[in-house]
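Keep in mind that this is a model prediction, so the values were computed, not measured. Counting convention: from 1, in listed order, for ligands and their atoms alike.
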Amino acid sequence: MQDENACDPSSVAESNARDRHGLVLVSTPIGNLGDVTFRALEALRTADLILCEDTRVTAKLLQANAIGARCEPLHEHNEDQRIPGLLARLKQGARIALVSDAGTPLVSDPGFRLVRAAIAEGIEVTGVPGANAAVLALILSGLPPHPFLFLGFAPTRGAARVTHFKGLRAAEQVGLAATMIWYEAPHRVGEMLADLAEVFGAREAAVARELTKRFEEVRRGDLVELAEYYGGHQARGEIVVVVAPGAAEAVGAAEIDRMLGVALATMSVKDAAAAVASVTGVGRKIVYARALEMKG
Ligand code: SAM
């Protein structure tokens with residue numbers, strides 16, 4: 001059902017009023033400054049403090065929008081030691097905004113530990129949604145948009161990377177059927193695609209590069225073709241790799257029973273059947289009937 005406030009401009013003012021204290025996670029553009037939202041600017045303008053990865057990167061966004069708020073760094077290496085001081089300020093009523101260099105904070109970016117600590121202390125945590133490279137690459141890829149599995153950066157070393165891909169392949173053989181998404185650095189994308197092709201074969205995939213920027217490109221093909229292309233062309237810029245789910249593999253009755261056994265231990269018959277049907281691709285009614293039999 002549609003939310004009656006979904007496109008109501010008065011809901012903007014209301015949500016901003018709600019955002020006046022606590023920790024607010026603010027999404028910023030992934031390259032094109034035009035993608036910043038009204039709510040993001042309002043949240044940054046009204047924050048007592050903005051936590052950012054690299055103050056120079058965030059300064060550009062703030063300057064472009066005539067925002068003079070104070071920025072302090074929060075990155076992987078200082079997050080733990082900063083948490084107690086930040087929680088104390090939040091408890092005193094400060095409104096603190098968290099951004100990353102680009103896109104949605106916490107998504108392959110710092111902030112998760114602070115968010116958990118704030119939640120544990122009962123501090124209000126709100127968010128301003130916006131750009132995210134993984135989701136944009138997914139919807140441009142032409143591959144099934146859901147279910148999808150976002151995997152962040154794959155391991156950088158060859159052997160660990162192949163093990164990571166083989167783990168996913170093994171998961172597919174017992175029912176995982178999701179479009180997979182990784183972030184990757186341009187100098188590694190050729191070897192990453194070669195490893196992907198080795199493990200997943202000539203599976204459909206897409207390489208999304210420089211999204212929202214001047215040289216945006218989405219190259220679609222199978223993994224063998226893409227590995228060959230990037231083996232011979234040095235990629236530039238920021239990259240997301242999207243790989244199609246494996247073709248539905250016949251999941252045997254014994255495997256369905258095993259999965260249902262696990263699911264029924266913690267879920268209702270309906271939810272267990274829905275979960276198993278969704279990962280195996282077997283019809284929901286068939287799985288539901290079997291789940292009822294097992295439960296009964
Ligand atoms: N938090 C960000 C988000 O919401 O997308 C991602 C941060 S992660 C540290 C940075 C990686 O995201 C890059 O190395 C690249 O893989 C991907 N990325 C970020 N911006 C991108 C863009 N404009 N086009 C393609 N990939 C991008």
Side-chain angles (χ1 to χ4, degrees), residues 23-37 39-40 43-44 50-58 60-61 64 71 73-79 97-115 125-143 145 148-157 161 164-165 179-193 195-196 205-221 226-227 229-230 233-243:
L23 177 64
V24 53
L25 314 176
V26 182
S27 300
T28 59
I30 55 168
N32 187 325
L33 287 188
D35 290 335
V36 72
T37 66
R39 284 191 67 220
L44 296 175
I50 300 174
L51 297 169
C52 50
E53 276 184 276
D54 183 335
T55 51
R56 290 162 304 181
V57 173
T58 303
K60 282 189 201 152
L61 176 70
C71 282
L74 181 97
H75 43 71
E76 207 187 306
H77 305 294
N78 73 356
E79 186 170 348
L98 170 72
V99 297
S100 61
D101 282 353
T104 301
L106 275 74
V107 178
S108 284
D109 273 333
F112 169 66
R113 287 168 281 173
L114 174 61
V115 166
V125 181
T126 56
V128 177
N132 169 249
V135 170
L136 185 55
L138 172 69
I139 61 172
L140 295 177
S141 68
L143 300 174
F148 73 82
L149 181 59
F150 171 67
L151 294 141
F153 287 91
T156 53
R157 272 188 273 145
R161 191 168 51 221
H164 167 72
F165 295 153
T179 298
M180 296 172 280
I181 310 173
W182 289 269
Y183 289 153
E184 190 50 284
H187 61 278
R188 266 194 297 268
V189 74
E191 58 192 53
M192 181 221 195
L193 287 163
D195 289 348
L196 279 169
V207 175
R209 211 170 56 77
E210 292 289 270
L211 294 173
T212 76
K213 303 190 220 177
R214 187 160 168 218
F215 297 108
E216 172 172 312
E217 173 190 67
V218 182
R219 188 169 286 273
R220 305 173 184 89
L226 290 169
Y229 178 82
Y230 283 104
H233 295 76
Q234 173 56 54
R236 294 210 175 149
E238 300 197 275
I239 290 176
V240 184
V241 175
V242 187
V243 175

Cation-pi geometry met for Arg236 and Phe215 (6.0 Å, 45°): no
Ligand 1 contact on Asp109 by region, counting heavy-atom pairs under 4.0 Å: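 Side chain only; the backbone of Asp109 stays clear of ligand 1.
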Leu106 contact mode with ligand 1 (heavy-atom cut-off under 4.0 Å):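 Near ligand 1, Leu106 shows nothing, with every heavy atom at 4.0 Å or more.
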Which of the ligand 1 atoms, numbered from 1, are nearer than 4.0 Å to a heavy atom of Ser108: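 So the answer, numbered in order with elements, is 8 (S), 9 (C).
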Ligand 1 atoms in contact with Glu184 (distance to a heavy atom under 4.0 Å):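 Listed by number with element: 16 (O).
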Gap separating the CG atom of Leu51 from the NE2 atom of His75, nearest 0.5 angstrom: 11.0 Å
Inter-residue atom distance Thr28.OG1 - Lys60.NZ, 0.5 Å rounding: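 Thr28 atom OG1 to Lys60 atom NZ measures 12.5 Å (nearest 0.5 Å).
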Closest approach of any protein heavy atom to [atom], naming residue and atom:
atom                    : answer
atom 20 (N) of ligand 1 : Glu238 OE1, 3.3 Å
atom 26 (N) of ligand 1 : Val240 CG2, 3.4 Å
atom 22 (C) of ligand 1 : Leu211 N, 3.6 Å

Ligand 1 to [X] polar contact by distance, N or O atoms, under 3.5 Å:
X      : answer
Ile239 : yes
Ala134 : no
Asn132 : yes

Is it true that [X] lies under 4.0 Å from ligand 1, counting heavy atoms only?
X      : value
Ala102 : yes
Trp182 : no
Ala133 : yes

Criterion ring pair (Phe, Tyr, Trp, His ring centres under 6.0 Å) against Trp182, the qualifying member of Phe150, Phe153, Phe165: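 That would be Phe165.
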Selection from Phe150, Tyr183, Phe153 by shortest heavy-atom distance to atom 5 (O) of ligand 1: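 Minimum heavy-atom distance to atom 5 (O) of ligand 1 goes to Tyr183.
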